[in-house]
Amino acid sequence: MSGNAHHSTPGEIHAPAGTALECRLRKRLGTFDLDIALTVPASGVTALFGESGSGKTSLLRLIAGLDRPDGGYVRLGERMLSDTQQKIHVPIHRRQLGIVFQEARLFPHYRVRGNLTYGMPRSGRARFDDLVTLLGIGHLLERLPGALSGGEARRVAIGRALLTQPRLLLLDEPLTGLDGERKRELLSYLVRLTREIDLPVLYVSHDTAEIAAIADHLALIEQGRLTAHGQLDELMMRLDLTERLGGFDAATRLRAQVVDHDHAYALTQVVLDDGQTLRIPALDQHPGTPIRLRVGVRDVALAHAMPEGTSYRNGLAAVIDAIEPSTQEPSANEVRLMVGRQRLRARLTRQACDEMQLAVGRPIVALIRSVAFDSRF
Amino acid sequence: MLFEAIALSDAEWQAIILSLKIAGSAVGWILVPGVAVAWLLARQDFRGKALLDGLLHLPLVLPPVVVGYLLLLSLGRHGWLGQWLYQGFGLSLPFTWQGAAVAGGVMAFPLLVRAVRLSLEAVDPKLEAAAGTLGANRWRVLFTITLPLAVPGLLTGTVLAFARALSEFGATITFASNIPGETRTLPLALYTLIQTPGREAAAARLCVLSIVIAMLSLMASEWLARRARQRLQERDR
């Protein structure tokens, strides 16, 4: 059950199992006009990404049934939740959606246990202990919400939503308002959770690093319209979206699997699907665990051969797929590489590209410093 | 000797017990409709909301005698409502303790609604929406989220209403008259004593009794409300 969500093959827009949610929604809010058609794949995390005011939260509210659309429909699996033509509007409490709001919205008069079980059907009891462990909230069960930290409260809210056994989990910027350390902590819980649970997730966010850590698919929303939609790995390769997806700090991702740990140096060895290995700062994951590595475009250097006597710990054999001028930086080129069947981006000065006589189709070594990997997620 | 001087007479006991019974019944019958109306005013928008709000406050500003007279007109055996009650259920309210409870309840209603409405408005609608997303229907949201969070206001409103019903005079004497053992509550007994020459000492005793009962009910409400609030306020830490 675990992991499947993260093994979709590149090139496919939707997961093979089909779509969890399909909607086409129109709503006018003052001068703001929302008109979006969206499908959420049946597995994995779909990020609903856009700046604040782009309409992500409005869209989420329409899907949740908190607001009524001017026109359009929302379909969850085979079930119509909203349809303005058929005059269908399933009330919020019968939508079978798990929703976690920006604020945790825990009930102050229930203990954590009471909050968790508030919407839990009898059949959910079996999952209770596992989920509590997974979210690390076992020691909080008898506390009142007022005695929780921000991150703890969010974790309880997530557990509470999941225990209702929803068909889709909606997370509305769950990390907003947390400080750096708590944000990372909750994000790592979320990443672990989305790997473990077999449930499609719609994740609203405006933070690229957050999305790179957690999302499989991405729907980019700008001014009430869907402007890009698909697998995040694909979208991260697109130069025209670089500005939106990180800009200066743009990145791509590599899928890998944990091999073993070097405790003396606090390093972890991981293997890519083509058998090449990387050394990265130690990860608290068992051997065999599939992981995703975010590699900043500015953290990749190229060489014709693995240099001797270098501090670079990682050299990946790659093939140059494309070289294009950077939209971010006039001095730079964006070089797209194939590493086995995976893709990687590097931002190099045009001068370096010319001096090295880089050309499409040529084999090359991609050098990545071990410390460039952000293993905290 | 001293004990005998302080000990309450049968008539005094009768007045006290009757007062408590009438005020308790008054609060009892207005509690559910009062909370319902407060919820309507706090959470719903409808035509005529301002009118309803105004009507509710009438007993606060009208002379109680007017309220008592209106009750007599409508609930008297020949009144439009009283006729129906008498013929349908054999109920006759004027000049009975039940009638006094009705009068006290009507007078206390606005106070109850006001207090409950304020506390309902203070309940975060976001929590109610969250309960909805967890599968709770309207009723479950009301009984598990809205009302429990409004408990301090509910208590305050109940005690205010109880105190108001306990002290009701004008509407009671007009509608239910001043019958010993039936409708002669503390204020009415006090009034009767004042009207009787030579009973000043007895009047003073009832006066002190009224103050004691009022103080006790205020203290009880304060204690209950504080206990309820303590639980809720743990969220502010």
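Convention: sequence-line order gives letters A, B, ...; per-chain numbering from 1.
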Distance in Å, B:Asp124 CG paired with A:Glu103 CD, rounded so as to fall on 0.5 Å steps: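 Here the interatomic distance stands at 8.0 Å.
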
Spatial distance of atom CG (B:Leu134) from atom CG (A:Leu97) [nearest 0.5 Å]: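 Nearest 0.5 Å value for the CG-CG distance: 11.5 Å.
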
Residue pair A:Phe107 / B:Thr144, side-chain heavy-atom distance below 4.5 Å: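 They are not in side-chain contact.
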
Any B:Val151 side-chain heavy atom under 4.5 Å of A:His109 side chain: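 B:Val151 does not reach A:His109 side chain to side chain.
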
Portion of [X] that has a non-hydrogen atom of chain B nearer than 4.5 angstrom:
X	result
A:Tyr118	both
A:Arg95	neither
A:Leu148	neither

Any donor-acceptor N/O pair, A:Arg105 side chain to B:Lys126 backbone, under 3.5 Å: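 Judged by distance alone, yes, a pair lies under 3.5 Å.
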
Minimal non-hydrogen separation, A:Pro108 against B:Leu149, with atom names: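 Heavy-atom minimum between the residues: CG-CD2, 3.6 Å.
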
[X], [atom1]: over 12 other non-hydrogen atoms inside 6.0 angstrom:
X	atom1	result
A:Glu51	CD	no
A:Arg94	CZ	no
A:Arg127	CZ	yes
B:Arg164	CZ	yes
A:Met80	CE	yes
A:Glu142	CD	yes
A:Phe128	CZ	yes

Chain B-proximal positions within residues 154-174 of chain A [heavy-atom distance under 4.5 Å]: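 At a heavy-atom separation under 4.5 Å, chain B is reached by A:Arg160, A:Ala161, A:Thr164.
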
